[in-house]
Amino acid sequence: MLVESVSGRRGAPAQPPAFAARRVVSAMVALALVLTLTSNPYGFERDELYFRMLRPAWGYVDQPPFTPLLARAAALVSAEPWAGRIPATLAAVSSVLVLALITREVGGRAVAQGLCAWSYAFAAIPLVFGHVLLTTSIDVVVWPLVCLFVIRAVLRDQPRWWLAAGLVLGLSTYNKLLVGLLVVALVVGVLAVGPRGVLRNRWLWLAVALAVVLAVPNVVWQATHDWPQLAMGRALSDDNAATVRVIMWPYLLILLGPPLTPVWVAGLVALWRRREWRPIRFLAVAFVVLLVETWVGGGQLYYPIGLLAVVFAIGCVPAAGFLARSRAWRQTAWVLIPVNAVVSALIALPLVPASALASTPIPGINQTVADQIGWPEYVEQVAMVYRSVPASEHPVLLTSNYGEAGALVRYGPALGLPRPYSAHNQLYFDRRPPDSTTTVVIVGGQFADVRDDFATCEVRGRLHNRDDVDNEEVGEPVAVCRGPRAPWSRLWPRFQHYG
């Protein structure tokens, strides 16, 4: 049999099947090689440029400290993108292992574990978030790891695993407070369909205490800085909610790929119907709760990916059983899974030449691709405008967003450009132009909002890239403004913005 029960005699949990090391590890190695070999083309993504700028700190207004710290540490290895992406690659590869272990934990034998490892490793989620270093790159492994420990605690009646889940939850708050959505979803799931008895387990409450103790420094930082994450959440919702609430539904098909959709749907159905999985039925409810949280909050399209991957891993057990019974569907799977891998790789990785990207739908599907194009050219265009201003005026650079600022920090010194100022997110608090500043080269879309704060402004260029890839920077102005109408100590708060 390809699928074995997770219930032993007299209700005692059975031991999980043997770990399919050869199948799982080979998928991990293949993913690591692909991500490593494709880690440098196109260039930095805007968030990666931003992380490199942030000084080590206990927290920032838009995120906790862990991912920026990883980015700065990687920059010590090399100033090229490949070095900064090593942590993302390690997280993506680790997520393959964790998900295969979830498949094993719910009874999946070697075929099911191999199906999970190979089909997931080359789906869109690990390829996109393993290629660039984002805060979500770490969540790709953290959320499934929490769920693995919860499954072990509940399904196998080994409550000490709650402590492992609490440890990961507490530590994960140093990467992203979004893990709170997972906690809420799991709690609602347990309250809705059980097993409610776990709420009386002392190991669970010890795990809660452990997570809280570990998270306290983050909460204290937030409290002492007027809860900036709430302001960030409102800003993201204001910017994205209308789009997210519509597009998140078709994106559920894209995140793993349409050919893999029946697998995670099978996982949801089996969680509800299989008697032996009744203790972890709450995961199906939690997934629905997470979708509702994403829809209501309207923050980002990718919020459901952690639990989506978990229900996919569970769905590999019934999927493997179904394929074992149908030769025709096995043959179909042998075609569809590689096709899904190729399409996902084309969408996620720099396989298409940058010069050809504009003629494909890839930048529109995967924003991280568009956000890797053009930064050195944009800096050169800013440098041309900056050099047109007499040095006697001592002009300063001011950017509208952290991507522009990060690009100027990375590529500007070679062109003689000074470190820029920006009022976007954390950069607002780092520094502001001195009151003696009378001439400013303003880069980006914020120019339209602040031009009236100067006596004169002149647009001297607009950003463009030679590959004609449409991204956030294309068409944005580079302007020279003179004569601020108030001291910078009073003007600077007008420039502050989140997003």
Side-chain angles (χ1 to χ4, degrees), residues 51 54 56-71 73 87-88 90-91 94-95 97-99 101-102 105 129 133-156 158-191 198-225 227-230 232-233 280 282-283 286 289-290 293 297 299 303-307 309-310:
F51 295 153
L54 296 177
W58 198 254
Y60 311 99
V61 299
D62 45 359
Q63 64 206 305
F66 186 64
T67 302
L69 187 62
L70 285 179
L90 294 175
S94 299
S95 73
L97 173 62
V98 172
L99 289 168
L101 289 175
I102 289 175
E105 202 66 31
F129 296 107
L133 179 60
L134 309 173
T135 52
T136 307
S137 302
I138 309 303
D139 284 345
V140 162
V141 65
V142 166
W143 285 38
L145 189 59
V146 170
C147 291
L148 171 63
F149 294 147
V150 169
I151 290 170
R152 285 184 173 174
V154 176
L155 191 60
R156 308 222 165 266
Q158 297 175 356
R160 293 189 180 186
W161 283 106
W162 284 114
L163 287 178
L167 175 65
V168 175
L169 281 172
L171 293 176
S172 71
T173 62
Y174 292 87
N175 177 64
K176 209 169 186 181
L177 298 181
L178 193 67
V179 75
L181 294 181
L182 173 62
V183 174
V184 171
L186 293 175
V187 170
V188 172
V190 170
L191 290 174
V198 302
L199 299 177
R200 298 189 296 272
N201 190 292
R202 65 187 181 93
W203 290 102
L204 170 63
W205 290 104
L206 286 172
V208 170
L210 176 61
V212 169
V213 168
L214 292 172
V216 159
N218 275 320
V219 176
V220 170
W221 191 92
Q222 288 287 319
T224 56
H225 290 77
W227 303 98
Q229 286 281 290
L230 297 179
M232 273 297 305
I280 57 170
F282 63 87
L283 289 170
V289 172
L290 182 60
E293 290 174 328
Y303 287 174
I305 65 174
L307 273 180
V310 170

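The figures here come from the full heavy-atom set of this structure, side chains too, leaving out hydrogens, waters and symmetry mates.
Among pairs with a residue in residues 159-172, those fulfilling side-chain hydrogen bond (donor to acceptor under 3.5 Å, both in side chains) read Gln158-Trp161, at least two apart in sequence or across chains.
Among Thr67, Val142, Ile305, the one residue that satisfies the side chain to side chain contact (heavy atoms under 4.5 Å, CB included) test with Thr136 is Ile305.
Residue Leu133 holds its CG atom at 6.0 Å from CD1 of Ile138, rounded to the nearest 0.5 Å. Summarising the geometry, atom CH2 belonging to Trp58 is positioned 7.5 Å from atom CG belonging to Asn218; distances are rounded to the nearest 0.5 Å. For the atom pair Lys176 NZ and Asp139 CG, the distance stands at 5.0 Å (nearest 0.5 Å). Taken to the nearest 0.5 Å, the CG atom of Leu290 stands 10.5 Å off from the OH atom of Tyr303. For the atom pair Phe149 CZ and Ile102 CD1, the distance stands at 10.0 Å (nearest 0.5 Å). Atom CG in Leu178 sits 9.0 Å away from atom CD in Glu293 (nearest 0.5 Å).
Taking the side chain as every heavy atom from C-beta outward, Trp221 and Pro228 approach each other to under 4.5 Å. Considering only heavy atoms from C-beta on, Tyr60 comes within 4.5 Å of Pro65 through its side chain. Between Phe282 and Val198, every side-chain heavy-atom pair lies at or beyond the 4.5 Å cut-off. Residues Cys147 and Leu307 have side chains in contact (heavy-atom distance under 4.5 Å, counting atoms from C-beta outward). Taking the side chain as every heavy atom from C-beta outward, Pro64 and Leu177 approach each other to under 4.5 Å.
Under the side chain to side chain donor-acceptor pair (under 3.5 Å) criterion, Ser137 pairs with no residue, sequence neighbours left out.
Nearest heavy atoms, Ala165 versus Val150: CB-CG2, 4.1 Å. The two atoms that bring Phe51 and Leu134 nearest to each other are CE1-CA, 4.1 Å, heavy atoms only. Summarising the geometry of Leu169 relative to Ala211, their closest heavy-atom pair is CB-CB, 4.3 Å, with the distance given to 0.1 Å. Nearest heavy-atom pair, Pro87 versus Leu70, reported as atom, atom and distance to 0.1 Å: CB-CD1, 3.9 Å.
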Before you tell me yes or no, could you show the steps for Ile151 and Leu283 under side chain to side chain contact (heavy atoms under 4.5 Å, CB included), namely the whole-Å CA-CA distance, both residues' side-chain angles and the distance that decides it to 0.1 Å? CA-CA 9 Å; Ile151 290 170; Leu283 289 170; 3.8 Å; yes

Trp227 and Val61: side chain to side chain contact (heavy atoms under 4.5 Å, CB included), yes or no, with the steps? CA-CA 8 Å; Trp227 303 98; Val61 299; over 6 Å; no

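Tyr174 contributes a side-chain N or O that, together with a main-chain N or O of Leu214, makes up a donor-acceptor pair within less than 3.5 Å. In terms of modelled atom types and a separation under 3.5 Å, the side chain of Trp205 and the main chain of Leu199 share a donor-acceptor contact.
For the residue pair Thr135 / Asn175, no side-chain donor-acceptor distance below 3.5 Å is found, with atom types taken as modelled.
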